[in-house]
2 protein chains.
Amino acid sequence: MESKDLRNAGLKVTLPRVKILEILETSKARHFSAEDVYKLLLESGEEIGLATVYRVLTQFEAAGLVTRHHFDTGHSVFEMNLGNHHDHIVCVKCGRVDEFFDETIEKLQHDISEKAGYKMTDHCLYIYGVCEECQKLE
Amino acid sequence: MESKDLRNAGLKVTLPRVKILEILETSKARHFSAEDVYKLLLESGEEIGLATVYRVLTQFEAAGLVTRHHFDTGHSVFEMNLGNHHDHIVCVKCGRVDEFFDETIEKLQHDISEKAGYKMTDHCLYIYGVCEECQKLE
DNA sequence: ACTTAAATGAAAAAGCTTCTCATTCTTATT
DNA sequence: AATAAGAATGAGAAGCTTTTTCATTTAAGT
Ligand SMILES: [Mn+2]
Ligand SMILES: [Mn+2]
Ligand SMILES: [Zn+2]
Ligand SMILES: [Zn+2]
């Protein structure tokens, strides 16, 4: 039930917010651009403006419901926050995105921040490469 | 002598390219937005268009003279390629950028790519945090 | 139901980057 | 040193993603 999530986040339960949350939760994909979400809304018959999609995704991010990524694609990518931090490996040919988590790297990042005198707030590691499928096509 | 670098990169020796290379090499800073470079050119009395700055930086990147970064700032950041790969730690308050290199993390990234079936082409690790100076101001 | 503040949609605007095209400059050749 | 051919430049237009504006609609507490 999405209404609870929204209320917990201090957000009014509106149709656009419910529908967007629904798409983020139930689609096969896990990583969406704002445009992706907008198109999926249209496909499902909802007339929700692109500006609202951006607004709502930004609010979801602020509320911790969603994480925003900055791949080298020129646009933001959003993903439901399932509480499991992970990093990304992106295919430069087809755009496929895989996820990974490495305890050792996480620890080292903390050490590095500390040594540099920083109080770490966030971090992200992007590996770019050619996925198995795309290697075959070359 | 910048002319040699340019010729080696297969680029004609033009005034904009020489001046931009000069700025990248001799400024105290190491990380520049296109706008940064443009302003430094104006300050030094050169009338070079912003479009040319973008064009030249992109050519430098293609030639391997320069590396382009995508911090969470909404604009590209360029840096002379000195042959020493490193990653970045960025202050979310003041924009300060520090650099680091960790052999172990580098190795682990290779292992992860391999395990995921990817042929790695590039990678970048950004740590975001509050630098020592900015912590004092809070 | 009523009221009030918040949310939405459409369009405009912003911010960064690329493109277009007439003009200028580099470089190789006389 | 002059010439010719093609590449590079500058100014502005245009492109793309994202944000803002503002009139209208909607949610939620009374
Ligand atoms: Mn993910
Ligand atoms: Mn650097
Ligand atoms: Zn691929
Ligand atoms: Zn700082």
Side-chain angles (χ1 to χ4, degrees), chain A residues 1-23 31-42 44-63 65-78 95, chain B residues 1-23 31-42 44-63 65-78 95:
Chain A
M1 174 144 285
E2 289 89 3
S3 323
K4 275 278 177 292
D5 297 331
L6 290 173
R7 262 188 278 266
N8 287 342
L11 297 170
K12 278 193 185 175
V13 180
T14 65
L15 190 136
R17 303 215 259 235
V18 171
K19 290 301 176 190
I20 290 172
L21 200 48
E22 200 173 298
I23 282 183
H31 304 93
F32 306 87
S33 68
E35 195 73 30
D36 290 337
V37 173
Y38 178 63
K39 281 182 186 148
L40 288 168
L41 287 168
L42 291 186
S44 73
E46 299 296 336
E47 298 258 322
I48 292 172
L50 183 55
T52 300
V53 173
Y54 273 104
R55 243 182 326 232
V56 168
L57 287 173
T58 302
Q59 292 160 346
F60 283 3
E61 184 192 15
L65 290 173
V66 147
T67 304
R68 181 196 302 249
H69 302 295
H70 302 269
F71 301 150
D72 283 8
T73 48
H75 55 251
S76 296
V77 171
F78 300 86
Chain B
M1 172 144 288
E2 290 89 5
S3 323
K4 276 276 177 292
D5 297 331
L6 290 173
R7 261 188 278 266
N8 287 343
L11 297 169
K12 280 193 185 175
V13 179
T14 65
L15 190 136
R17 302 215 258 234
V18 170
K19 289 301 175 189
I20 291 173
L21 200 47
E22 201 172 297
I23 281 183
H31 306 93
F32 307 86
S33 68
E35 195 73 30
D36 290 337
V37 173
Y38 178 62
K39 281 183 187 149
L40 288 167
L41 286 168
L42 290 186
S44 72
E46 301 295 335
E47 298 257 323
I48 293 172
L50 183 55
T52 301
V53 174
Y54 273 105
R55 240 182 330 231
V56 168
L57 287 173
T58 301
Q59 292 159 346
F60 284 4
E61 183 191 15
L65 291 173
V66 147
T67 305
R68 182 196 301 249
H69 302 294
H70 302 270
F71 301 150
D72 282 7
T73 48
H75 55 252
S76 296
V77 170
F78 300 86

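Order of the sequence lines sets the chain letters (A, B, ...), proteins ahead of strands, with each chain counted from 1.
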Enquirer: Quick check for you: name the first and last nucleotides of DNA chain C, 5' to 3', having an atom under 4.0 Å from a heavy atom of chain B.
Expert: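 Boundary nucleotides touching chain B, in 5' to 3' order, are C:dC16 to C:dT27.
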Enquirer: List the residues meeting side chain to side chain contact (heavy atoms under 4.5 Å, CB included) with A:Lys12, not counting sequence neighbours, and say none if there are none.
Expert: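 Applying side chain to side chain contact (heavy atoms under 4.5 Å, CB included) to A:Lys12 gives A:Thr14, A:Arg17.
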Enquirer: Have a look at A:Val56 and tell me which of A:Val37, A:Ile20, A:Val66, A:Leu11 forms a side chain to side chain contact (heavy atoms under 4.5 Å, CB included) with it.
Expert: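 Result for side chain to side chain contact (heavy atoms under 4.5 Å, CB included) with A:Val56: A:Ile20.
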Enquirer: Over all strands shown, is A:Ser33 touching base, sugar-phosphate only, or nothing at heavy-atom distances under 4.0 angstrom?
Expert: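 Result for A:Ser33 = nothing.
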Enquirer: Determine: side-chain N/O of A:Tyr54 to OP1/OP2 of D:dT19, distance under 4.0 Å, yes or no.
Expert: no
Enquirer: To check you understand the geometry: which heavy-atom pair defines the closest contact between B:Leu65 and B:Ala9, and what is its length?
Expert: CD1-CB, 4.3 Å
Enquirer: Please identify each residue that fulfils side chain to side chain contact (heavy atoms under 4.5 Å, CB included) with B:Tyr54, with sequence neighbours left out.
Expert: B:Ala34, B:Leu50
Enquirer: Taking for each residue the nucleotide of DNA chain D with the nearest heavy atom, is it B:Ala51 or B:Gly10 whose nucleotide lies nearer the 5' end?
Expert: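 Nearest nucleotide further toward 5': that of B:Gly10.
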Enquirer: Would you compute the distance between atom CG of A:Leu41 and atom CD1 of A:Ile23 and round it to the nearest 0.5 angstrom?
Expert: 3.5 Å
Enquirer: Produce the list of close N/O pairs, under 3.5 Å, pairing protein atoms with atoms of nucleotides 25-30 of chain D; give distances to one decimal.
Expert:
residue, atom, partner, partner atom, Å
D:dA28, OP1, A:Val13, N, 2.9

Enquirer: Send over the distance from A:Phe78 CZ to D:dT17 P, rounded to a whole Å.
Expert: 13 Å
Enquirer: With sequence neighbours left out, what residues match B:Leu15 under side chain to side chain contact (heavy atoms under 4.5 Å, CB included)?
Expert: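 B:Leu15 satisfies side chain to side chain contact (heavy atoms under 4.5 Å, CB included) with B:Lys19, B:Glu46, B:Ile48 once adjacent residues are dropped.
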Enquirer: Using modelled atom types only, decide if a donor and an acceptor are shared between the side chain of B:Asn8 and the backbone of B:Asp5 within a distance under 3.5 Å.
Expert: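 Checking the backbone N and O of B:Asp5 against the side chain of B:Asn8, no donor-acceptor pair under 3.5 Å is found.
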Enquirer: Output the distance between atom OG1 (A:Thr67) and atom CZ (A:Phe78), rounded to the nearest 0.5 Å.
Expert: 10.5 Å
Enquirer: Using a 4.5 Å cut-off on heavy atoms from C-beta on, say whether the side chain of A:Thr58 contacts that of A:Arg68.
Expert: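 Answer yes - side chains close enough.
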Enquirer: Using 0.5 Å steps for rounding, measure from the NE2 atom of B:His69 to the NE2 atom of B:His31.
Expert: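 Between atom NE2 of B:His69 and atom NE2 of B:His31 there are 5.0 Å.
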Enquirer: To check you understand the geometry: which heavy-atom pair defines the closest contact between B:Thr52 and B:Pro16, and what is its length?
Expert: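 Closest approach of B:Thr52 to B:Pro16: CG2-CB, 3.8 Å.
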Enquirer: With nearest nucleotides of DNA chain C determined for A:Glu47 and B:Thr58 from heavy-atom distances, which residue corresponds to the more 5′ nucleotide?
Expert: A:Glu47
Enquirer: Would you say A:Arg55 places a side-chain N or O within less than 4.0 Å of OP1 or OP2 belonging to D:dT19?
Expert: no
Enquirer: To 10°, what angle do the rotation axes through the five end pairs on each side of the helix from C:dA1-D:dT30 to C:dT30-D:dA1 form?
Expert: 30°
